[in-house]
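Each remark here refers to the structure printed beneath this line.
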Amino acid sequence: MTTDERRRPDARPRAFEEVLARIEERIGADGLTVGDRLPGERQLAEQLGVGRSSVREALRVLETLGVVASQAGRGPDAGAVLTSRPGNALTDLLRLHLGLATLSMREVIDTRLMIEQWAAARAATATAAANAAAEARTAEAETATARMAEAVAAMDAARDPAEFVEHDIAFHLALAEAAGNRLIVAVMRALRDALRRYAVDAVVRLGDTGGLQDDHRRIHRAIEDGDAGAAAAAVAEHLARAYPDSGPDS
């Protein structure tokens, strides 16, 4: 295949992309979950119109990512088994990309700012809507905000910057979960995992974590009060405090 053919919008997708599309289709149409079996190599090859060697290579990639586990056998026992949720694999891919990319700290913090402000505002809006309707929030939202509070308490008891950052990560992931968007959670997990060392350095540089904890409590309280504007503003203030050298003028 020539370079021009590869670039054509109508060019045939690679086998790996087709297998991923098939998995996505099965997840959406059949509710594929952990433990379910994909079709065997021969069946996938026939369905996708590609050679079995291409399917085998694609499945090896998926196995390396931890999405599937190979299963030898014949008939109903043949095929690969789904072993983890796609979001976990997505997080691994994003973390790898972030680790290899030459991104500036400002780019990363800007991305976090956009994601976390949106997540905090959305979570607060959902709380306000539930309060207005005199209804309970979803169990997922209740659990997420409870984990935020637990993380704040754990940060208060942290013995060193590394332990503080572990619970800080838990707080911000719970914030993303409170918004109810799984892709946002995957992106946030990748961002935080990739920048763990920088987060520890930031805590060491600050020395006193009292201001960060005040920010965390302010974010949590705004979500619980259903105040979207206050929640978004608290996130902005928090990131500016944690990374003062990553602002627009740095």
Side-chain angles (χ1 to χ4, degrees), residues 87 91 94 98 103-156 158 164-195 198-199 202-203 205-206 208-250:
T91 296
L94 287 171
L98 287 169
L103 299 173
S104 69
M105 182 60 69
R106 178 180 171 184
E107 288 175 307
V108 174
I109 298 306
D110 283 348
T111 301
R112 278 194 60 187
L113 178 62
M114 288 186 290
I115 290 174
E116 294 196 55
Q117 280 193 304
W118 178 88
R122 185 177 180 89
T125 298
T127 299
N131 291 341
E135 297 176 349
R137 288 182 297 178
T138 65
E140 292 79 6
E142 289 283 1
T143 300
T145 53
R147 281 202 296 267
M148 291 173 67
E150 292 170 1
V152 171
M155 280 183 276
D156 282 337
F164 182 92
V165 167
E166 286 298 319
H167 299 302
D168 177 72
I169 290 173
F171 176 91
H172 288 277
L173 289 179
L175 167 60
E177 290 169 356
N181 185 305
R182 289 173 293 177
L183 180 56
I184 290 296
V185 175
V187 173
M188 273 299 300
R189 183 175 288 112
L191 283 171
R192 294 311 308 267
D193 285 353
L195 299 176
Y198 297 99
V203 172
R205 183 177 64 250
L206 285 172
D208 182 6
T209 58
L212 297 178
Q213 285 292 73
D214 288 343
D215 294 340
H216 289 140
R217 292 187 174 89
R218 194 175 302 113
I219 294 168
H220 182 258
R221 184 167 56 250
I223 292 174
E224 293 286 78
D225 291 344
D227 190 336
V235 166
E237 292 170 8
H238 175 61
L239 291 179
R241 186 192 309 276
Y243 303 98
D245 298 328
S246 300
D249 297 328
S250 60

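Please read these numbers as outputs of a predicted model, since none were measured by experiment.
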Test item: Thr145 and Arg137 side chains (from C-beta on) under 4.5 Å apart, heavy atoms = yes
message = I'd like to know if Arg106 pairs up with Asp110 as an ion pair, taking the criterion as any Lys NZ or Arg NE/NH1/NH2 lying under 4.0 Å from an Asp or Glu carboxylate oxygen.
response = yes
message = Can you tell me how far apart CG (Asp227) and OG1 (Thr125) are? Round to the nearest 0.5 Å.
response = 9.0 Å
key: Closest contact, heavy atoms only, Ala121 versus Ala231   = N-CB, 4.4 Å
message = Is the shortest side-chain heavy-atom distance between Met148 and Ile219 below 4.5 Å?
response = yes
message = If we ignore hydrogens and angles and just use 3.5 Å, is the side chain of Thr138 paired with the main-chain N or O of Ala141 as donor and acceptor?
response = yes
ask   = Do Gln213 and Phe164 come close enough that some side-chain heavy atom pair is under 4.5 Å?
value = yes
message = Could you report the tightest heavy-atom contact between Asn181 and Leu183, atom names first, then the distance?
response = OD1-N, 3.0 Å
ask   = Is the ring centre of His167 less than 6.0 Å from the ring centre of His216?
value = no
message = Just to verify, which of Asp214, Asp208, Asp215 counts as forming a salt bridge (charged side-chain N to carboxylate O under 4.0 Å, His left out) with Arg241?
response = Asp215
inquiry  = Would you say CZ of Arg112 has more than 12 non-hydrogen atoms from neighbouring residues, nucleotides or ligands within 6.0 angstrom?
reply    = yes
query = What is the minimum heavy-atom distance between Met188 and Ala176, and which atoms define it?
reply = CG-CB, 4.0 Å
query = At their closest point, which heavy atom of Ala233 faces which heavy atom of Gln117, and how far apart are they?
reply = N-NE2, 4.5 Å
ask   = Shortest non-hydrogen contact from Ala120 to Ala232?
value = CB-N, 4.4 Å
task = Say whether, by atom type as modelled, one donor and one acceptor occur between the side chain of Arg205 and the main chain of Ala242 under 3.5 angstrom.
result = yes
request  = Report yes if some heavy atom in the side chain of His238 is under 4.5 Å from a heavy atom in the side chain of Glu116; otherwise report no.
outcome  = no
Any His220 side-chain heavy atom under 4.5 Å of Arg217 side chain = no
key: Side-chain heavy atoms of Met155 within contact of Thr209, under 4.5 Å   = no
note = dist Leu191:CG -> Leu173:CG (nearest 0.5 Å) comes out at 10.0 Å
ask   = When rounded to the nearest 0.5 angstrom, what is the spacing between CZ in Arg147 and CD in Glu177?
value = 4.5 Å
query = Can you find a pair of side-chain heavy atoms, one from Arg221 and one from Glu224, that are under 4.5 Å apart?
reply = no
query = Which heavy-atom pair separates Ala202 from Tyr243 by the least distance, and what is that distance?
reply = CB-CE2, 3.9 Å
query = Hey, is the main chain of Ile223 close enough, under 3.5 Å, to the side chain of Thr127 for a donor-acceptor pair?
reply = yes
ask   = With side chains defined as the heavy atoms from C-beta onward, is the minimum distance between Asp168 and Val203 less than 4.5 Å?
value = no
